Amino acid sequence: MDAIRIRGGKPLRGQVRVSGAKNAALPILCATLLSDGASLLRNVPALRDIDTTAALLRFLGRDCTVDAPEVRVAAGSDVRPEAPYELVKQMRASVLVLGPLLARFGRARVSLPGGCAIGARPIDQHLKGLEAMGASIQLQRGYVLAECARLHGAEICFDLPTVTGTENLMMAAALAKGRTTLVNAAREPEVEELGCVLNKMGAHIEGAGTDVIHIVGRDELEPFDHAILADRIEAGTFMVAIAATGGDALVEGAPLEHLEPVVVKLRRAGIIVEREGSAVRIAAPKRARATDITTAPHPGFPTDMQAQFMVLMCTGEGESVITETIFENRFMHVPELARMGADIEVRGNTAIVKGVRGLSGASVMATDLRASASLVIAGLVASEGETEVRRVYHLDRGYEHIERKLAGLGGDVERVQAGG
Ligand code: EPZ
């Protein structure tokens with residue numbers, strides 16, 4: 001089992017390049033099920049989640065070639081509209097094949113994703129939307145069985161904004177008969193990016209990226225050639241790592257326009273954030289100022305940046321309050337950070353962080369993708385001792401060559417073999 005070994009205490013300097021957005025690539029790869037012919041997706045990061053999605057598409061009968069940063073998908077000989085538990089349990093986003101399979105082939109048998117470390121992760125909004133479009137939905141022995149000869153348009157109002165729920169229903173509506181309106185839709189940039197690709201395929205979608213999306217269904221869609229946008233969460237992670245180590249470095253290709261809430265909070269904490277050509281310069285004082293954050297759906301502060309920002313606050317000056325409103329169990333990095341000397345008290349969905357002078361290295365366990373990123377940042381901050389982050393397969397799901405990228409910024413970071 002791989003681990004990442006870090007000797008911290010050095011300010012990060014130099015330059016790092018942002019890869020393509022994982023959470024845009026996943027739905028767009030699933031959208032290839034909506035058409036025949038060969039599609040090409042460019043600027044795709046080399047990640048475990050991309051490999052898992054490719055394996056799922058192959059299982060469904062597609063020819064899928066991953067040659068990062070390019071992924072090619074073509075129609076195979078036949079299709080098997082079934083996503084098995086063995087694949088779905090590795091990556092919840094596999095549920096994104098449900099809408100396309102149902103819309104294109106009239107039926108789908110997809111394993112319920114089940115919960116994960118950060119929460120129960122239900123998909124009731126996905127299923128209610130598909131039922132509103134005419135699908136018959138049954139839950140049987142851990143699987144969703146969905147059937148509908150041809151979906152029809154509907155007016156759907158989400159009870160709460162859901163990113164993959166919005167994406168699943170956009171893809172289903174793109175081949176449904178008639179017009180669909182999605183109200184209280186998720187506004188994340190990755191949703192907007194999917195809308196852009198579906199329109200390249202011949203769909204009629206307006207409003208993707210806003211909270212009301214209009215879709216006029218087509219009888220068939222075409223393959224696409226598309227280069228995906230930069231990963232705002234990877235960029236934000238590096239920005240926080242540079243800030244937390246008191247560094248001064250450039251993040252090349254950072255999509256600042258998609259990071260406004262993070263930039264506001266970093267500046268509030270006394271961090272210099274300024275555009276330099278196609279890069280963003282991050283420069284930090286020795287200690288950040290305590291700054292409160294509350295996570296919210298886009299354009300609020302992203303829940304996927306909560307764990308990383310917490311590390312910046314761990315050695316900040318003063319007390320900060322971090323409130324997590326999206327997932328019910330997204331503080332699993334807290335006990336691991338406490339083992340490194342952080343002073344954090346959790347009360348329900350709120351963490352009160354009292355800034356300490358410094359952190360010390362320790363062996364820590366990753367539990368989910370963004371928690372593992374926060375532990376790596378804590379290792380880079382720790383001025384005493386060495387940190388070993390175990391179970392880094394969580395990290396490999398969403399960060400491309402992270403040890404190489406951090407070493408490129410002068411971080412003393414290496415991948416090692418470690419016990420379980
Ligand atoms: C997407 O997950 C992202 N994943 C997550 O990123 C991200 O944390 C999350 O959006 C929130 O921004 C992908 O895009 C592949 P939601 P998703 O549906 O779509 C509740 C990462 O680190 N909900 O927007 O699964 C749900 O429980 C990952 O890259 C329902 O109640 O999240 C949660 O509380 C982690 N019923 C809230 O909505 C539903 O049917 C938001 O979840 C669907 C969701």
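One-based numbering, in listed order, for ligands and for the atoms of each. One-based numbering along the sequence shown. Remember, it's a predicted structure, so these values are computed and weren't measured experimentally.
Per-residue contacts place Lys22 under 4.0 angstrom from the following atoms of ligand 1 (heavy atoms of the residue considered): 21 (C), 29 (O). Taking every non-hydrogen atom of Gln125 and a distance limit under 4.0 Å, the qualifying atoms of ligand 1 come out as 36 (N), 39 (C), 40 (O).
Among Asp304, Ile123, Leu160, Val191, the residue whose heavy atom sits closest to atom 21 (C) of ligand 1 is Asp304. Counting only non-hydrogen atoms, the option in Arg330, Glu188, Arg370, His394 that gets closest to atom 35 (C) of ligand 1 is Arg330.
Residue-level proximity to ligand 1 for Thr164 is carried by backbone and side chain together, each with a heavy atom below 4.0 angstrom. Residue Arg397 does not touch ligand 1, judged by heavy-atom distances below 4.0 Å. Counting heavy atoms under 4.0 Å from ligand 1, residue Val163 touches it through both backbone and side chain.
Note that Arg80 lies in the cation-pi zone of Phe59, set by a 6.0 Å cut-off to the ring centre and a 45° limit from the axis.
Where the criterion is an N or O separation shorter than 3.5 Å, residue side chain and backbone included, Glu167 fails it with respect to ligand 1.
Closest protein heavy atom to atom 41 (C) of ligand 1: Ile326 CG2, 3.8 Å. Given atom 43 (C) of ligand 1, the protein heavy atom at minimum distance is Pro122 O, 3.2 Å.
For Arg7 and Glu414, the salt-bridge test passes: some basic side-chain N is under 4.0 Å from an acidic carboxylate O.
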